[in-house]
Amino acid sequence: MEESTKQPGPEFVAIAIDGPAASGKSSVARSLAKKLGYLYVNSGSLYRAMTWVFLKQGIPTEPGDAVRGFLKGLDINCGARDGASTVRIDGEDPGDELQSQDVNRNVSAVSAIPEVRELLVAKLVAYRELDNIVMEGRDIGSVVLPDTPYKFYIDASQEVRDRRRRDQGQRDEIRERDQRDSSRAASPLVVAPDARVIDTTKMTVEEVVQEILSELRGKGLDLDS
Ligand code: DC
């Protein structure tokens with residue numbers, strides 16, 4: 001991890017934002033983090049980076065001895081730059097490859113491997129020691145940050161989510177990915193029981209951010225310090 005100017009301690013605030021693919025959670029989490037001056041942590045980029053390296057090295061995307069041995073030899077460096085999380089594997093930054101069609105197609109299979117999750121959840125939990133954070137993903141409120149009182153689940157209708165992903169110019173079978181992410185045995189996409197659910201179908205990013213800020217104030221979080 002890179003150096004932070006803040007002193008580590010239990011006073012760090014962690015905000016969890018979960019939701020299905022193309023729900024708008026990345027835009028919301030990034031904008032919220034910027035407004036608050038918190039670090040934005042995109043957990044999906046870790047699973048994407050892992051998928052990228054599996055594909056690059058021809059590792060089977062299923063549990064087994066080959067995967068366990070492969071994971072042991074990997075150097076995964078999670079840090080932060082310009083207010084956002086970064087990831088390098090064996091010294092390489094996957095860059096735009098994180099959004100490739102091949103990664104989109106295989107990321108749910110790689111994310112379902114328990115050993116992959118164990119390794120990446122530990123990396124994600126370590127961000128708590130670094131700074132105040134807004135972390136987005138699938139299991140953040142349920143598994144990565146279960147103790148935070150600040151949990152949100154961002155959703156939108158299937159049609160709107162299909163359109164949002166198409167508008168980003170990406171080929172991504174989000175229905176299939178959501179089905180696999182929700183039905184896997186290891187920490188599936190779920191709504192944490194204490195999460196505030198926001199249906200963003202008819203909302204702009206700014207409206208969602210304002211709703212989250214008002215909920216945070218309602219919970220007594222001091223947003224001005
Ligand atoms: O947020 P995203 O669409 O970039 O995530 C890509 C994939 O990574 C998603 O289909 C499932 C996996 N993922 C996960 O299993 N757990 C997370 N906390 C975040 C992402």
Side-chain angles (χ1 to χ4, degrees), residues 14-33 40-55 61-63 67 71 76 78 84-87 89 94-128 133-146 148 151-156 158 160-162 164-192 195 200 205:
I15 300 172
I17 300 188
D18 288 299
S23 54
K25 63 186 184 310
S26 300
S27 310
V28 166
R30 200 180 293 111
S31 166
L32 179 69
Y40 164 61
V41 184
N42 178 343
S43 68
S45 66
L46 270 67
Y47 291 93
R48 287 175 177 274
M50 187 63 94
T51 305
W52 168 77
V53 77
F54 265 62
L55 295 175
T61 57
E62 55 200 38
V67 165
L71 292 177
I76 304 168
C78 295
S85 57
T86 57
V87 56
I89 300 199
D96 292 344
E97 292 294 316
L98 291 183
Q99 315 300 332
S100 76
Q101 208 179 329
D102 260 4
V103 168
N104 284 341
R105 270 206 211 104
N106 289 281
V107 67
S108 290
V110 172
S111 311
I113 301 173
E115 289 86 353
V116 166
R117 302 205 71 79
E118 197 183 325
L119 186 62
L120 296 187
V121 166
K123 299 278 179 193
L124 290 167
V125 169
Y127 276 106
R128 273 213 91 152
I133 55 173
V134 178
M135 187 182 289
E136 56 118 332
R138 303 294 189 289
D139 61 341
I140 308 306
S142 55
V143 174
V144 182
L145 304 171
T148 181
K151 297 182 187 177
F152 298 88
Y153 186 94
I154 305 288
D155 211 346
Q158 185 70 59
V160 164
R161 292 192 294 111
D162 284 340
R164 285 178 184 166
R165 190 48 42 109
R166 263 199 320 274
D167 289 350
Q168 290 168 339
Q170 277 198 44
R171 288 199 55 192
D172 185 2
E173 301 301 328
I174 61 172
R175 293 178 194 224
E176 205 177 298
R177 208 144 62 79
D178 286 342
Q179 207 279 330
R180 298 181 76 175
D181 294 343
S182 307
S183 60
R184 68 180 176 223
S187 47
L189 168 67
V190 286
V191 184
T200 70
V205 169

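Remember, predicted model here, so these are calculated numbers, not experimental data. Counting convention: from 1, in listed order, for ligands and their atoms alike.
The nearest heavy-atom contact from the protein to atom 11 (C) of ligand 1 is D181 OD2, 3.2 Å. Atom 18 (N) of ligand 1 has D139 OD1, 2.8 Å as its closest protein atom, hydrogens excluded (heavy atom only). Among all non-hydrogen protein atoms, the one lying nearest atom 16 (N) of ligand 1 is R117 NH2, 3.0 Å. With hydrogens left out, the protein atom closest to atom 19 (C) of ligand 1 is S43 OG, 3.2 Å, a heavy atom.
In terms of N/O distances under 3.5 Å, ligand 1 is not approached by N42. Ligand 1 has no nitrogen or oxygen under 3.5 angstrom from a nitrogen or oxygen of E136.
Of all the heavy atoms of R138, the ones lying under 4.0 Å from any atom of ligand 1 are found in both the backbone and the side chain. At a heavy-atom cutoff of 4.0 Å, ligand 1 is contacted by the side chain of S111 but not by its backbone. Under 4.0 Å from ligand 1, not a single heavy atom of E176 appears. Residue V107 touches ligand 1 through its side chain alone, judged by heavy-atom distances below 4.0 Å.
Annotation: Q101, atom CD; neighbour count of heavy atoms from other residues, nucleotides and ligands within 6.0 Å is above 12. Taking a 6.0 Å sphere around CD of Q99, one finds it holds more than 12 heavy atoms contributed by other residues, nucleotides or ligands.
Residue S111 comes nearest to R184 through the heavy atom pair CB-NH1, 3.7 Å, listed as atom of the first residue, atom of the second, then distance.
With rounding to the nearest 0.5 angstrom, the CE atom of M50 is 12.0 Å from the CG atom of L55. Remark: L124 CG to M135 CE distance equals 5.0 Å, nearest 0.5 Å.
Using a 3.5 Å distance cut-off with no hydrogens or angles, the side chains of D181 and S108 do pair a donor with an acceptor. Between the side chains of T200 and R164, at least one donor N or O sits under 3.5 Å from an acceptor N or O.
Using a 4.5 Å heavy-atom cutoff, the side chains of R138 and P188 are not in contact. Inter-residue side-chain proximity for L189 and Y153 is flagged as met; some heavy-atom pair is nearer than 4.5 Å.
Within ligand 1, counting atoms from 1 as listed, the ones closer than 4.0 Å to a heavy atom of R48 are 2 (P), 3 (O), 4 (O), 6 (C). Within ligand 1, counting atoms from 1 as listed, the ones closer than 4.0 Å to a heavy atom of G137 are 18 (N), 19 (C). Residue K25 approaches ligand 1 through these ligand atoms, each under 4.0 Å from one of its heavy atoms: 1 (O). For ligand 1, the atoms sitting less than 4.0 Å from at least one non-hydrogen atom of R177 are 3 (O), 5 (O), 6 (C), 7 (C), 9 (C), 10 (O), numbered in the order shown with element in parentheses.
In this structure, R180 falls outside the shell of residues with a heavy atom less than 4.0 angstrom from ligand 1.
Only one option out of D18, I15, I140, V125 pairs with L145 in a side chain to side chain contact (heavy atoms under 4.5 Å, CB included); it is I140.
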